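Working notes, structure below.
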There are 2 protein chains.
Amino acid sequence: MLSPNENHAALSERLKACDVRPTPQRKVVLKVILEKRDHPTADEIFARVKSSMPTISLATVYNCLETLVACGLIRQVHLERAPTRYCPNLHAHAHFHDDTTGQVHDIDLPTDTMKQLHGLLPTGFDANSVELTFRGRAAHNPHGTN
Amino acid sequence: MLSPNENHAALSERLKACDVRPTPQRKVVLKVILEKRDHPTADEIFARVKSSMPTISLATVYNCLETLVACGLIRQVHLERAPTRYCPNLHAHAHFHDDTTGQVHDIDLPTDTMKQLHGLLPTGFDANSVELTFRGRAAHNPHGTN
DNA sequence: GTGAGAATTGGTATTATTCCAATCTCTCTC
DNA sequence: GAGAGAGATTGGAATAATACCAATTCTCAC
């Protein structure tokens, strides 16, 4: 996650570490995702980014997101029939989708639970990712995330 | 799951049991989903249904699917960025999405695993559904599903 | 059988995302 | 530090899945 005053240089470093060019567009897209613990859609990211970079295009936002996902700096969250969301939390975690508010909450997953889930797979199945999503109702915004 | 010779009467019964009108369209949509252990998309279902009912419209297929999902006769499977798929397997199970072939395999889930997953939720979170999806590679069609 | 409510239909609208070709901007080399 | 080439950005148009709508048709209870 981003420290409150992480600056452009640090963003550049993150990108360079992944062997991608630290363009201004990528930096600002990464910045808006990191600076808020929510799960914005591409459109929301586009809106936030435009305030500091009014000339950016939606296509670029999609390109940047694809790059950032490919190099593991952010993750995608897929909820049914809804636009893809993006998540800065790279730790093992599940998502809880609140049907009432539409908010998405991160749920910590112990690493042994992850291992156990992989253990469920019959031989011959080799998973490189797992997605665990709950849906239901959360009591009044349990801890301020979305 | 459907017994090989389940007939129209049985399909009607299933629908009536859910308090929905057993219209011919709903019966045939349910039938094509039950008769093959795969995870077809709405478009695929539309194509299969048209062979026995050429006048059906895609809108009706969507309507029927929505109804069948709502009354719990089938389930939706959501894979990232891909069209929604429909699954006749109502037992607790996970999905394995083979990146290579695009096939979707059902993975049995012991009920205690399900309970355990629910146990991961902090107090205040009340889930009414869980979706667990693996992605990776499966060795040459492990058991003929998709 | 008949009427009221429910379902189906085809067409159109919406929305997320991708594609494309043209332009621009880095980065690297000299 | 100038130029070349790769890579990135842009706006607009295309695509694809799904939702919506008004008109017609069907189903069930009486």
Side-chain angles (χ1 to χ4, degrees), chain A residues 8-9 11-13 15-32 39-50 52-71 73-74 76-86 102 104, chain B residues 8-9 11-32 39-50 52-71 73-74 76-86 102:
Chain A
H8 277 228
L11 289 166
S12 293
E13 287 318 308
L15 291 164
K16 280 187 204 157
C18 304
D19 274 323
V20 303
R21 286 191 187 168
T23 68
Q25 289 85 351
R26 285 176 181 163
K27 283 195 279 188
V28 68
V29 167
L30 180 56
K31 183 163 169 291
V32 304
H39 299 77
T41 64
D43 247 13
E44 285 161 357
I45 292 165
F46 182 45
R48 293 180 198 173
V49 163
K50 269 208 287 201
S52 59
M53 184 184 279
T55 61
I56 198 171
S57 76
L58 180 56
T60 299
V61 170
Y62 272 105
N63 288 341
C64 291
L65 290 172
E66 190 183 333
T67 303
L68 296 175
V69 168
C71 68
L73 289 172
I74 61 172
Q76 290 183 318
V77 187
H78 300 277
L79 302 172
E80 49 196 64
R81 264 189 230 182
T84 302
R85 289 165 178 273
Y86 295 87
V104 179
Chain B
H8 277 229
L11 290 166
S12 293
E13 288 318 309
R14 286 195 183 215
L15 291 165
K16 279 188 205 157
C18 305
D19 274 320
V20 303
R21 288 193 185 168
T23 68
Q25 288 85 351
R26 285 175 181 164
K27 283 194 279 187
V28 68
V29 166
L30 180 55
K31 183 163 170 289
V32 304
H39 299 75
T41 63
D43 247 12
E44 285 161 357
I45 292 165
F46 182 45
R48 292 180 200 174
V49 163
K50 269 208 285 199
S52 58
M53 184 184 278
T55 61
I56 199 172
S57 76
L58 180 57
T60 299
V61 170
Y62 272 105
N63 288 341
C64 290
L65 290 171
E66 191 183 333
T67 304
L68 295 175
V69 168
C71 68
L73 288 173
I74 61 173
Q76 290 184 318
V77 188
H78 299 277
L79 302 171
E80 49 195 63
R81 264 189 230 183
T84 302
R85 289 165 178 272
Y86 296 87

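What you see is a predicted model; the values in this text were computed from it and never measured. Side chains are part of it too, since the values below use all heavy atoms of this structure and drop only hydrogens, waters and symmetry mates. Residue numbering restarts at 1 for every chain, and letters A, B, ... go by the order of the sequence lines.
Per the geometry, CD belonging to Gln76(A) stands 15 Å off P belonging to dA16(C), to the nearest Å. One interatomic measurement links the two molecules: CZ of Arg85(A) to C1' of dT17(C), which rounds to 16 Å at whole-angstrom precision. Atom CG in Leu65(B) sits roughly 15 Å away from atom C1' in dA7(C) (whole-Å rounding). Rounded to whole Å, atom P of dA16(D) lies 16 Å from atom CZ of Phe46(B). One interatomic measurement links the two molecules: CZ of Arg26(A) to P of dT10(D), which rounds to 11 Å at whole-angstrom precision. One atom, CD1 of Ile45(B), and another, P of dA17(D), lie 13 Å apart when rounded to the nearest Å. To the nearest angstrom, P of dT18(D) lies 12 Å from CD of Glu66(B). At whole-Å resolution of the value, NZ in Lys50(A) and C1' in dT9(D) are 15 Å apart.
Applying the 4.0 Å criterion to OP1 and OP2 of dT8(C), one finds that Thr60(B) has every side-chain N and O outside that range. Taking 4.0 angstrom as the limit, Tyr62(A) places none of its side-chain polar atoms (N or O) nearer than this to OP1 or OP2 of dT18(C).
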Problem - Derivation and outcome, side-chain contact (heavy atoms from CB on, under 4.5 Å), residues Ile56(B) and Lys50(B) - result: CA-CA 6 Å; Ile56(B) 199 172; Lys50(B) 269 208 285 199; 4.0 Å; yes
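Nearest to the side chain of Ser57(A), among dT10(D), dT18(C), dG10(C), sits dT10(D). Checked against dT10(D), dA19(D), dT17(C), the side chain of Thr55(A) finds its nearest nucleotide in dT10(D). Side-chain proximity of Leu58(B) to dT18(D), dG12(D), dT9(C): nearest is dT18(D). Side-chain proximity of Ala42(A) to dT10(D), dT18(D), dT17(C): nearest is dT17(C).
Residue Ile56(B) is classed as a sugar-phosphate contact, given heavy-atom separations below 4.0 Å to backbone atoms only. Nucleic acid contact class of Thr67(A) (heavy atoms, under 4.0 Å, all strands): none.
Here the closest non-hydrogen pair linking Cys64(A) and Arg26(A) is SG-CG, 3.6 Å. Taking all atoms of both residues into account, the shortest heavy-atom contact from Ala42(B) to Val61(B) is O-CG1, 3.9 Å. Heavy atoms only, all atoms of each residue included: Lys27(A) and Pro22(A) are closest at CE-O, 3.7 Å.
Both Asn63(B) and Lys16(B) lie near DNA chain D, and the one whose nearest nucleotide falls closer to the 5' end is Asn63(B).
A 4.5 Å side-chain heavy-atom check between Leu58(B) and Asp43(B) finds at least one atom pair inside the cut-off. For the pair Glu44(B) and Thr41(B), the minimum side-chain heavy-atom distance is below 4.5 Å.
A side-chain hydrogen bond (donor to acceptor under 3.5 Å, both in side chains) check over residues 52-61 of chain B, counting only residues at least two apart or in different chains, returns the pairs Ser57(B)-Thr60(B).
Contacts with DNA chain D (heavy atom under 4.0 Å) in residues 17-25 of chain B: Arg21(B), Pro22(B), Pro24(B), listed by number.
One axis for each end of the helix from dG1(C)-dC30(D) to dC30(C)-dG1(D), each built from five base pairs, and the angle between them comes to 40° at 10° resolution.
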